[in-house]
Engineer: 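Right, I'll just put the structure down here and ask away after.
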Amino acid sequence: MRMSQLFAPTLREVPAEAETISHQYLLRAGMIRKIAAGIYIYLPLAQRVLQKIERIVREEMDKQGGQELLLPALHPADLWLESGRWDVYGKELFRLKDRHERDYCLGPTHEEVITDLVRREVSSYRQLPLLLYQIQTKFRDEIRPRFGLIRGREFTMKDLYSFDKDEEGLEVSYRKMYHAYSEVFRRCALEFRVVEADSGAIGGSASHEFVVIAETGESEIAYCDNCAYAANVERAEAARDVTESAEPRRELELVSTPGVTTIAEVADFLAVDPKQMIKTLIYLAIDKEEYYPVVVLLRGDREVNEVKLQNHLGCLHLALADADTVREITGAPVGFAGPVGLKDVRLIADVEVPSIVNGVCGANRADYHWVNVNPGRDFVVTEVADIHKVVAGDKCKVCGHALKTTRGIEVGHIFKLGTKYSEAMGATFLDEKGNKKPFVMGCYGIGIPRTMAAAIEQNHDDKGIIWPMPIAPYQVVVVPVNSRVEEQMKVAERLYRDMLEAGIEVVLDDRDERAGVKFNDADLIGFPLRVTIGSRSLQEGKVEIKKRRTGETMPVDIEEAVATLQELIRAEMTKGVSL
RNA sequence: CGGGGCGUGGCGCAGCUUGGUAGCGCACAUGGUUUGGGACCAUGGGGUCGUAGGUUCGAAUCCUAUCGCCCCGACCA
């Protein structure tokens, strides 16, 4: 490809709308353009990267016995009503009607469609296991699209669905995908971690996320350096502090705390450790038709993990109660809630609460707190659950070492679905004994554009993108320093032709631009290798090869340039990690 | 949806407080000089100031409504 012909409108300035590095560079390198919030055009360079990622994905899926098919993006509402998700999925589902007023939606995921297909076409255990996948456009009316390609409303996803005859089969399929995903991201040269995850709206038992480590990521993960434990903080659990305090239980006492409401203020005012406090929060658990209040107790230094809480409650949504509801339940304004004396309301204590001795909590009365509160004595704890958020420093539940936390971008997610969809939709087969059984399913997704963006978040410097070789849009750019110098152009053209013949993916920067412009564009777009042809080295019959990542340059004889490049490319293609 | 911010040539911004009929840099076009890290000179084209109402002799500027976009939170690959 000639740079003069390449449709890659690079931008010198940073577009105001872009906050994150990947978003900025994708725009500036002329790879994407936005057409509406969360909806992007992929220009030729981006398309090449996406296709390379897809190719890697296909190869790894195929290796595990996956078969590619293509499902529709437009789904009839019937299928979603059948699975029950027409109501559950909520506003995120793009819904539309056809001319006959029939309901449809744009698929945000494809469990319904694939389950429908399989229930009609597969009837015997002999046809299992079945691994079917596609690379398809998904539509999700995200509450807030953001960070460019990281969270779009339309994006391509590879989704594979596994159908097995039993749990053991699912386990095998799940492990295959776990391995395949690790291979995909390794080949994309990404630094990632596999973490235990919450399975969220898709449902099911076990699930793992593949998280690319990046400061700008939306996911927070907790992990242990000492053992293999790693989990999304939405799910992460820590070892419990079981040290029973020997301190004698003191007499319950009401103290005046005028205008002192927050944990920090109370701790300060009464000179107690926040760990001694019982944080009392009023939530509303919201289901399809109804909602009810829940009182949640935590140690004062803890935050609620709403995902855990919601899972525990099994409700659809969760919201902090408004001031009126708080007053209704506690009889006091916000800031003075406590479990002592509360009646007729569901009370859930975090696992750490029962061991608090002589604690402090609100008195359900404006401007008063209780001190020397002892769970079990001063209020009854019937429901205990792990609902606090794990933080760095908590003990690993596996080995007891201090956990660390970091942020990352979730690029892949694998789920064991079990029989959730097959049962809801009556998808069954006959087993060896002729018994009707629901398929045991799994689903496995990779966000393709997000993977591209994550690669940029992890591979860039202040000049631009540094593509890992396996997913670079082109492997080499040839830059004649001065396109008007005939000799330089001649050598450039010859090398360009030779490279094409050798199967190297190359761009020739034949533009009549100053060297600085070409160099800067080359750095911005992020070609892993650059061949510079200038008068200096040409005098000695040499050209310069420069590695984008390290900045290392090496003069090579013109005749050896192609062979050298091939060698460098080969080395980077198989390496699997960043150079 | 709650909180914050922004809509002015393709991009980045000024002008708005204190109304007087739109400007700067980059990009673009033409000519010339330049050419190893985003050149210079000259000339030129391009904007219903997001949209709709209103106030006013007069609105980018003031008022109202509305749409869009970005950032922080609830959603997820």
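Quick note on labels: first sequence line is chain A, next is B, and so on, each numbered from 1.
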Engineer: Is it true that the side chains of A:R530 and A:T532 contain a donor and an acceptor less than 3.5 Å apart?
Structural biologist: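 Yes, A:T532 and A:R530 have a side-chain donor paired with an acceptor closer than 3.5 Å.
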Engineer: Could you state the CD-P distance from A:E218 to B:G73, rounded to the nearest angstrom?
Structural biologist: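 Value for this atom pair: 9 Å.
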Engineer: What is the nucleic acid contact for A:V14, judged by heavy atoms within less than 4.0 Å: base, sugar-phosphate only, or nothing?
Structural biologist: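 Since only primed, P, OP1 and OP2 atoms lie under 4.0 Å of A:V14, the category is sugar-phosphate.
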Engineer: For a quick test of reading the model: is some side-chain N or O of A:R514 closer than 4.0 Å to OP1 or OP2 of B:A39?
Structural biologist: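 Yes, A:R514 has a side-chain N/O under 4.0 Å of OP1/OP2 on B:A39.
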Engineer: Answer with base, sugar-phosphate or nothing: what part of the nucleic acid does A:G38 contact at a heavy-atom distance below 4.0 Å?
Structural biologist: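 Nothing: the residue A:G38, judged by heavy atoms under 4.0 Å, touches no strand.
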Engineer: Quick test of your reading of the model: are A:E487 and A:K490 salt-bridged, counting only N-O distances below 4.0 Å?
Structural biologist: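 So A:E487 does not pair with A:K490 through a salt bridge.
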Engineer: Quantified in whole Å, what is the P atom distance between nucleotide B:U17 and nucleotide B:U35?
Structural biologist: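 Each nucleotide's P atom is 50 Å from the other's.
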Engineer: Between the side chains of A:E493 and A:R2, is the shortest nitrogen-to-carboxylate-oxygen separation below 4.0 Å, so that they form an ion pair?
Structural biologist: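 Here A:R2 pairs with A:E493 in a salt bridge, since their nearest N and O are under 4.0 Å apart.
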Engineer: Quick one: A:F185 CZ to B:A77 P, roughly how many Å, whole number?
Structural biologist: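 So the two atoms are 12 Å apart, to the nearest Å.
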Engineer: What's A:E17 touching, base or sugar-phosphate or nothing? Going by heavy atoms closer than 4.0 Å.
Structural biologist: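 Since only primed, P, OP1 and OP2 atoms lie under 4.0 Å of A:E17, the category is sugar-phosphate.
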Engineer: Among B:G73, B:C11, B:G37, which is the nearest nucleotide to the side chain of A:A515?
Structural biologist: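 Selected nucleotide: B:G37.
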Engineer: Is a donor-acceptor pair below 3.5 Å formed from side chain A:R28 to base B:G38, judging by atom type as modelled?
Structural biologist: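 Such a pair is found, so the answer is yes.
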Engineer: Taking B:C11 as the reference, what is the distance to B:G20 when you measure between their P atoms (whole Å, please)?
Structural biologist: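 Straight-line distance between the two P atoms is 26 Å.
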Engineer: Starting from P on B:A14, measure out to CD on A:E13 and report it in whole angstrom.
Structural biologist: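 Going from A:E13 (CD) to B:A14 (P), I get 13 Å.
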Engineer: Atom CZ of A:F139 and atom P of B:A77: how far apart are they, to the nearest Å?
Structural biologist: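 Those two atoms, CZ and P, are 17 Å apart.
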Engineer: Any base atoms under 4.0 Å from A:E544, or only sugar-phosphate, or nothing? Heavy atoms, all strands.
Structural biologist: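 The answer is base, as A:E544 lies within the cut-off (heavy atoms under 4.0 Å) of a base atom.
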Engineer: Reading RNA chain B from 5' onward, which residue's closest nucleotide shows up sooner: A:G516 or A:T20?
Structural biologist: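 On the 5' side of the pair lies A:G516.
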Engineer: Flag the pair A:R95 and A:D141 as a salt bridge only when some basic side-chain nitrogen lies within less than 4.0 angstrom of an acidic carboxylate oxygen.
Structural biologist: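 Between A:D141 and A:R95 there is no salt bridge, as every charged N stays at least 4.0 Å from the carboxylate O atoms.
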Engineer: So, A:D350 and A:H388: side-chain donor and acceptor under 3.5 Å apart, yes or no?
Structural biologist: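 The answer is yes; a qualifying pair exists.
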Engineer: Return the stacking result for B:G36 and A:F519: yes when the ring centres lie under 5.5 Å apart and the planes under 30°, no otherwise.
Structural biologist: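 No; by the centre-distance and plane-angle rule, A:F519 does not count as stacking on B:G36.
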Engineer: Assign A:V411 to base, sugar-phosphate, or nothing according to its heavy-atom contacts below 4.0 angstrom with the strands shown.
Structural biologist: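 Sugar-phosphate contact only - A:V411 comes under 4.0 Å of backbone atoms but never of a base.
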Engineer: Is B:A59 paired to anything, Watson-Crick or G-U wobble with both distances less than 3.5 Å, and if yes, which nucleotide?
Structural biologist: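 Because no pair has both required distances under 3.5 Å, B:A59 counts as unpaired.
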Engineer: Within the structure shown, what part of the strands sits under 4.0 Å from A:S535 by heavy-atom distance: base, sugar-phosphate, or nothing?
Structural biologist: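 Base contact.
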Engineer: In Watson-Crick or G-U wobble terms, both distances under 3.5 Å, what is the partner of B:G10?
Structural biologist: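 Check on B:G10: paired to B:C26, both distances under 3.5 Å.
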Engineer: Nearest whole Å is fine: how far is B:G73 P from A:F147 CZ?
Structural biologist: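 Computing the A:F147:CZ to B:G73:P distance gives 7 Å.
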Engineer: P atom, B:U64 versus B:G5: distance in rounded Å?
Structural biologist: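 The same atom, P, in both gives a distance of 16 Å.
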Engineer: When both hydrogen-bonding distances must be under 3.5 Å and the geometry is Watson-Crick or G-U wobble, what is B:C40 paired with, if anything?
Structural biologist: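 Pairing partner, where one exists within any strand: B:G32.
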Engineer: Select base, sugar-phosphate, or nothing to describe what A:F155 touches, counting heavy atoms under 4.0 Å on all strands.
Structural biologist: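 Base contact - A:F155 has a heavy atom under 4.0 Å of at least one base atom.
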Engineer: Ignoring hydrogens, what is the shortest heavy-atom contact between A:A189 and A:N459? Give both atom names and the distance.
Structural biologist: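 Where A:A189 meets A:N459 most closely, the heavy atoms are O-ND2, 4.3 Å.
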Engineer: Roughly how far apart, to the nearest Å, are B:G7 and B:C13 at atom C1'?
Structural biologist: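 Going atom to atom, C1' in each nucleotide, I get 13 Å.
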Engineer: Given that both distances must come in under 3.5 Å, which nucleotide forms a Watson-Crick or G-U wobble pair with B:C1?
Structural biologist: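 Paired with B:C1, as far as the under-3.5 Å criterion goes, is B:G73.
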Engineer: Look at the side chain of A:R450 and decide which nucleotide, out of B:A77, B:C70, B:A39, has an atom nearest to it.
Structural biologist: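 Closest nucleotide among those given: B:A77.
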Engineer: Just checking, is any N or O donor in the side chain of A:T406 or A:Y223 under 3.5 Å from an acceptor N or O on the other one?
Structural biologist: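 A:Y223 and A:T406 do not have a side-chain donor-acceptor pair below 3.5 Å.
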Engineer: Measure from the side chain of A:N482, starting at C-beta and using heavy atoms only, and say which of B:G73, B:G12, B:U35 lies closest.
Structural biologist: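 Closest nucleotide among those given: B:U35.
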Engineer: So which nucleotide from B:G38, B:A77, B:C70 ends up closest to the side chain of A:A37?
Structural biologist: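 Out of B:G38, B:A77, B:C70, the nucleotide with an atom closest to A:A37's side chain is B:C70.
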Engineer: Using the P atom in both, what is the distance from B:U34 to B:C71, to the nearest Å?
Structural biologist: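 Rounded to whole Å, the distance is 47 Å.
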Engineer: For nucleotides B:U8 and B:C49, find the distance between their P atoms and express it as a whole number of Å.
Structural biologist: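 The same atom, P, in both gives a distance of 12 Å.
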Engineer: For the salt bridge (charged side-chain N to carboxylate O under 4.0 Å, His left out) test, which of A:E17, A:E218, A:E19 pairs with A:R146?
Structural biologist: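 Single salt bridge (charged side-chain N to carboxylate O under 4.0 Å, His left out) partner of A:R146 among A:E17, A:E218, A:E19: A:E218.
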Engineer: Check whether any side-chain N or O of A:R484 sits under 4.0 Å from OP1 or OP2 of B:U34, and answer yes or no.
Structural biologist: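 The answer is no; no side-chain N or O of A:R484 sits under 4.0 Å from OP1 or OP2.
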Engineer: I want to verify a distance call: between B:G36, B:A77, B:C69, whose nearest atom is closest to the A:F415 side chain?
Structural biologist: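 Nearest listed nucleotide: B:A77.
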Engineer: Return yes if the base of B:C76 and the side-chain atoms of A:R140 contain a donor-acceptor N/O pair under 3.5 Å, otherwise no.
Structural biologist: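 Side chain to base: no pair present.
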Engineer: In whole angstroms, how far is the P atom of B:C26 from the CG atom of A:D521?
Structural biologist: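 Atom-to-atom, A:D521 to B:C26, this comes out as 17 Å.
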Engineer: Of the candidate nucleotides B:G12, B:C70, B:A74, which contains the atom at the shortest distance from the side chain of A:I143?
Structural biologist: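 Of the candidates, B:A74 comes closest.
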Engineer: What nucleotide among B:G38, B:G36, B:C71 has an atom nearest to a side-chain atom of A:N520?
Structural biologist: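 Side chain of A:N520 sits closest to B:G38.
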Engineer: Please report the distance separating the C1' of B:G9 from the corresponding atom of B:A52, rounded so that it comes out in whole Å.
Structural biologist: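 To the nearest whole Å, 23 Å.
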Engineer: Base, sugar-phosphate alone, or nothing: which one does A:R153 contact when heavy atoms must sit under 4.0 Å apart?
Structural biologist: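 No contact.
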Engineer: Could you tell me the separation between the CD1 atom of A:I39 and the C1' atom of B:C70, rounded to a whole number of Å?
Structural biologist: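 Distance, rounded to whole Å: 16 Å.
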Engineer: Quiz question: going by heavy-atom distance under 3.5 Å, is there a donor-acceptor pair between the base of B:G37 and the side chain of A:K546?
Structural biologist: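 When only heavy-atom distances are counted, A:K546 does reach the base of B:G37 through a donor-acceptor pair under 3.5 Å.
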Engineer: Under a 3.5 Å limit for both distances, which nucleotide forms a Watson-Crick or G-U wobble pair with B:G47, could you say?
Structural biologist: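 Answer to the pairing question: none, since B:G47 forms no Watson-Crick or G-U pair.
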Engineer: Have a look at A:T553 and say if it touches a base, only the backbone sugar-phosphate, or nothing, with a 4.0 Å heavy-atom cut-off.
Structural biologist: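 No contact at all - A:T553 keeps every heavy atom at 4.0 Å or more from the nucleic acid.
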Engineer: Report which part of the nucleic acid A:G534 touches: base, sugar-phosphate, or nothing (heavy-atom distance under 4.0 Å, all strands).
Structural biologist: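 Base: the residue A:G534, judged by heavy atoms under 4.0 Å, touches a nucleobase.
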Engineer: Which base, if any, makes a Watson-Crick or G-U wobble pair with B:C16, both distances under 3.5 Å?
Structural biologist: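 Because no pair has both required distances under 3.5 Å, B:C16 counts as unpaired.
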Engineer: Would you verify whether the NZ or CZ of A:R450 falls within 45 degrees of the ring axis of A:F155 while also being under 6.0 Å from that six-membered ring's centre?
Structural biologist: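 No - A:R450 does not lie over the ring of A:F155 by the 6.0 Å and 45° rule.
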Engineer: What I want to check is whether the side chains of A:T553 and A:K547 have a donor and an acceptor closer together than 3.5 Å.
Structural biologist: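 The criterion, which ignores hydrogens and geometry beyond distance, is not satisfied for A:K547 and A:T553.
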Engineer: Determine the contact category for A:L318: base if any of its heavy atoms lies under 4.0 Å from a base atom, sugar-phosphate if only primed atoms, P, OP1 or OP2 are that close, otherwise nothing.
Structural biologist: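 No contact.
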Engineer: Tell me which of A:N232 and A:R12 sits closer to the 5' end of RNA chain B, going by the nucleotide each one is nearest to.
Structural biologist: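 With A:N232 and A:R12 compared, the 5'-side residue is A:R12.
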Engineer: Taking atom C1' in both B:C70 and B:G12, compute the distance separating them and give it to the nearest angstrom.
Structural biologist: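 Approximately 15 Å lies between the C1' atom of B:C70 and that of B:G12.
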Engineer: May I ask you to say what A:K34 touches in the nucleic acid, namely base, sugar-phosphate or nothing, with a heavy-atom cut-off under 4.0 Å?
Structural biologist: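 If one applies the 4.0 Å heavy-atom cut-off, A:K34 turns out to touch the sugar-phosphate alone, with no base involved.
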Engineer: Just how far, in rounded Å, is P of B:G2 from CZ of A:R144?
Structural biologist: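 Taking CZ of A:R144 and P of B:G2, I get 15 Å after rounding.
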